[in-house]
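Below: one structure, written as structure tokens.
Just so it is clear: chains get the letters A, B, ... in the order the sequence lines come, proteins before strands, and each one is counted from 1. As the structure is a computational prediction, the values presented were derived from the model and not from experiment. Atom set for the values below is all heavy atoms of this structure, side chains included, hydrogens, waters and symmetry mates excluded.
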Protein chains: 2
Amino acid sequence: MPVPLYQAKAELLRTVGHPARIRILELLSERDHAVHELLEQIDIEPSNLSQQLAVLRRTALVTSHRRDGAVVYAISVPEVREFLLSARRILASLAAAQSDFEPELTR
Amino acid sequence: MPVPLYQAKAELLRTVGHPARIRILELLSERDHAVHELLEQIDIEPSNLSQQLAVLRRTALVTSHRRDGAVVYAISVPEVREFLLSARRILASLAAAQSDFEPELTR
DNA sequence: TGTGAATGTGAAGAACTCTTCACATACTAG
DNA sequence: CTAGTATGTGAAGAGTTCTTCACATTCACA
């Protein structure tokens with residue numbers, strides 16, 4: 001096994017592991033968004049959004065370009081969508097496993 | 001969209017986003033491992049391994065039970081495997097996208 | 001029951017990440 | 001050119017996560 005792969009994976013996961021950044025990636029995986037459109041959807045300060053976008057740019061998960069005077073962001077690789085779904089499936093599965101026990105635990 | 005879902009996803013991703021914990025999950029997704037078997041494969045202190053296992057237990061990603069005097073760990077939900085593959089696919093895709101440009105950049 | 005190997009825990013400091021704020025830059029329209 | 005809106009950056013402090021270390025617990029079995 002290539003040793004630095006764990007590092008790279010860990011970095012990727014930590015990069016995505018932030019509520020605002022997940023929100024951004026989910027919005028972008030529906031369609032490209034201008035920064036001001038993201039701002040309408042996500043409740044954070046403009047400069048904070050900018051910071052989070054910078055983090056995603058640094059890891060090359062998103063790309064940006066200027067269109068009609070606004071900066072438009074896009075997902076750089078389509079695999080991101082499947083990845084987010086995959087995370088959701090784990091959560092669903094964990095939640096299901098927990099609720100199997102809840103009847104016993106809550107009585 | 002359910003608001004706390006981003007939180008939960010972010011937490012999950014941050015939990016998995018650690019080299020040792022990824023290594024553990026990959027080993028466990030091949031087959032169950034006793035703690036001392038994990039120790040042979042991963043180069044960290046026993047107590048550190050124990051800490052990382054505790055983190056994974058807390059988020060219910062793994063389960064443990066004692067078998068023949070040793071503590072054996074197992075993946076709790078099978079979706080973890082697909083999730084890790086999914087992460088690898090993004091990395092591969094990002095790497096491919098980068099190397100498309102390398103010829104220009106390195107000359 | 002006593003010893004040793006295996007596993008786990010708590011606490012502390014180092015290292016890292018987040019948010020915020022003040023300011024910088026970019027571009028558009030008047 | 002000038003004002004105004006949109007976007008980005010740097011730096012500081014608060015908060016969080018990691019690693020380490022000393023020690024606790026568990027269990028097998030002599």
Side-chain angles (χ1 to χ4, degrees), chain A residues 3-4 6-25 27-28 31-76, chain B residues 3-4 6-25 27-28 31-76:
Chain A
V3 177
Y6 311 125
Q7 288 288 342
K9 261 191 214 178
E11 229 169 280
L12 172 68
L13 291 167
R14 263 188 290 111
T15 299
V16 182
H18 181 289
R21 296 197 289 262
I22 289 179
R23 194 76 212 281
I24 292 168
L25 289 175
L27 289 169
L28 293 184
R31 62 170 180 80
D32 297 0
H33 281 71
V35 175
H36 67 266
E37 291 176 319
L38 292 172
L39 261 177
E40 285 165 19
Q41 302 290 319
I42 309 176
D43 187 32
I44 56 179
E45 295 292 309
S47 67
N48 194 352
L49 174 59
S50 209
Q51 299 259 20
Q52 306 308 339
L53 287 171
V55 172
L56 294 174
R57 253 186 285 125
R58 243 175 269 134
T59 47
L61 282 166
V62 305
T63 60
S64 69
H65 60 272
R66 198 171 276 270
R67 182 196 298 160
D68 297 329
V71 179
V72 175
Y73 277 83
I75 291 272
S76 65
Chain B
V3 176
Y6 313 125
Q7 287 287 342
K9 262 191 214 178
E11 230 170 279
L12 171 68
L13 291 167
R14 264 188 289 111
T15 299
V16 182
H18 182 290
R21 296 197 287 263
I22 288 180
R23 193 77 212 281
I24 292 168
L25 289 175
L27 289 169
L28 294 184
R31 63 170 179 78
D32 296 0
H33 280 72
V35 175
H36 67 267
E37 292 176 318
L38 292 173
L39 261 177
E40 285 165 18
Q41 303 289 320
I42 309 176
D43 187 31
I44 56 178
E45 296 292 309
S47 67
N48 194 353
L49 175 59
S50 209
Q51 299 259 21
Q52 307 307 339
L53 287 171
V55 172
L56 293 174
R57 253 187 284 125
R58 242 175 269 136
T59 48
L61 282 165
V62 305
T63 60
S64 69
H65 59 272
R66 197 170 278 271
R67 183 195 299 161
D68 298 329
V71 178
V72 175
Y73 278 83
I75 290 273
S76 65

Next on the checklist: More than 12 heavy atoms of other residues, nucleotides or ligands under 6.0 Å from CZ of R67(A): yes or no?
Outcome noted: no
Next on the checklist: Of the options dA11(C), dT7(C), dC18(D), whose atoms approach the side-chain atoms of V35(B) most closely?
Outcome noted: dT7(C)
Next on the checklist: Under the criterion side-chain contact (heavy atoms from CB on, under 4.5 Å), I'd like the reasoning laid out for L28(A) against L56(A): C-alpha separation, chi angles, the key distance, then a yes or no.
Outcome noted: CA-CA 12 Å; L28(A) 293 184; L56(A) 294 174; 5.7 Å; no
Checklist entry - Would one find a side-chain N or O of H36(A) under 4.0 angstrom from OP1 or OP2 of dT5(D)? => result no
Checklist entry - How many Å lie between NE2 on H65(A) and P on dG8(D), as a whole number? => result 12 Å
Checklist entry - From the list dT7(D), dA11(D), dT20(D), which nucleotide is the closest neighbour of the side chain of E45(B)? => result dT20(D)
Checklist outcome for this item: Rounded to 10°, the helix from dT1(C)-dA30(D) to dG30(C)-dC1(D) deviates from straight, judged by its five-pair end axes, by 20°
Item to check | Whether S64(A) side chain and Y73(A) backbone form a donor-acceptor pair below 3.5 Å | outcome: no
Checklist entry - Is P46(B) close to L39(B) at the side-chain level, that is, under 4.5 Å between some pair of heavy atoms? => result yes
Next on the checklist: Can you tell me which nucleotide in dG8(C), dG10(D), dT19(C) comes closest to the side chain of N48(A)?
Outcome noted: dT19(C)
Pairs under 3.5 angstrom, nitrogen or oxygen only, protein versus nucleotides 25-30 of chain C, please.
none

Checklist entry - Taking C-beta and beyond as the side chain, do V71(B) and L53(B) meet within less than 4.5 Å on heavy atoms? => result no
Checklist entry - dT5(D) P sits how many Å from E37(A) CD, rounded? => result 19 Å
Checklist entry - Quick one: are L12(A) and T59(A) in side-chain contact, heavy atoms under 4.5 Å? => result no
Item to check | Per V71(A) side chain, nearest of listed nucleotides dT7(D), dC18(C), dA11(C) | outcome: dT7(D)
Checklist entry - Given dT9(C), is OP1 or OP2 found less than 4.0 Å from the side-chain N or O atoms of R57(B)? => result yes
Checklist entry - Pick from L61(A), L27(A), L25(A): which one makes a side-chain contact (heavy atoms from CB on, under 4.5 Å) with I75(A)? => result L25(A)
Next on the checklist: In whole Å, I'd like the distance from the CD1 atom of I42(A) to the C1' atom of dT7(D).
Outcome noted: 15 Å
Checklist entry - Taking CD1 from I44(A) and P from dT17(C), how many angstroms apart are they, rounded to a whole number? => result 18 Å
Item to check | Closest to side chain of S47(A), choosing from dA22(C), dT20(D), dT19(D) | outcome: dA22(C)
Checklist entry - Under the side-chain hydrogen bond (donor to acceptor under 3.5 Å, both in side chains) rule, what pairs show up with a residue in residues 12-21 of chain A, not counting sequence neighbours? => result R21(A)-Q52(A)
Next on the checklist: Does a side-chain N or O of Q52(A) approach OP1 or OP2 of dC18(C) to a distance below 4.0 Å, or not?
Outcome noted: no
Checklist entry - Quick one: Y6(A) OH to dC18(D) P, roughly how many Å, whole number? => result 18 Å
Checklist entry - Sub-3.5 Å donor-acceptor pair from the side chain of R23(B) to the main-chain atoms of D43(B), do we have one? => result no
Checklist entry - Atom CD of Q7(B) and atom P of dC18(C): how far apart are they, to the nearest Å? => result 12 Å
Next on the checklist: Whole angstroms only, please: what is the CD-P distance between E40(B) and dT7(C)?
Outcome noted: 10 Å
Item to check | Phosphate OP1/OP2 of dG8(C): any Y73(B) side-chain N/O under 4.0 Å | outcome: yes
Next on the checklist: What is the separation between atom CZ on R58(B) and atom P on dC18(D), rounded to the nearest whole Å?
Outcome noted: 10 Å
Checklist entry - In terms of heavy-atom contacts, does CD of E45(A) have more than 12 from other residues, nucleotides or ligands at under 6.0 Å? => result no
Checklist entry - Is there a donor and acceptor pair, one atom on the side chain of Q51(A) and one on the base of dT17(C), closer than 3.5 Å? => result no
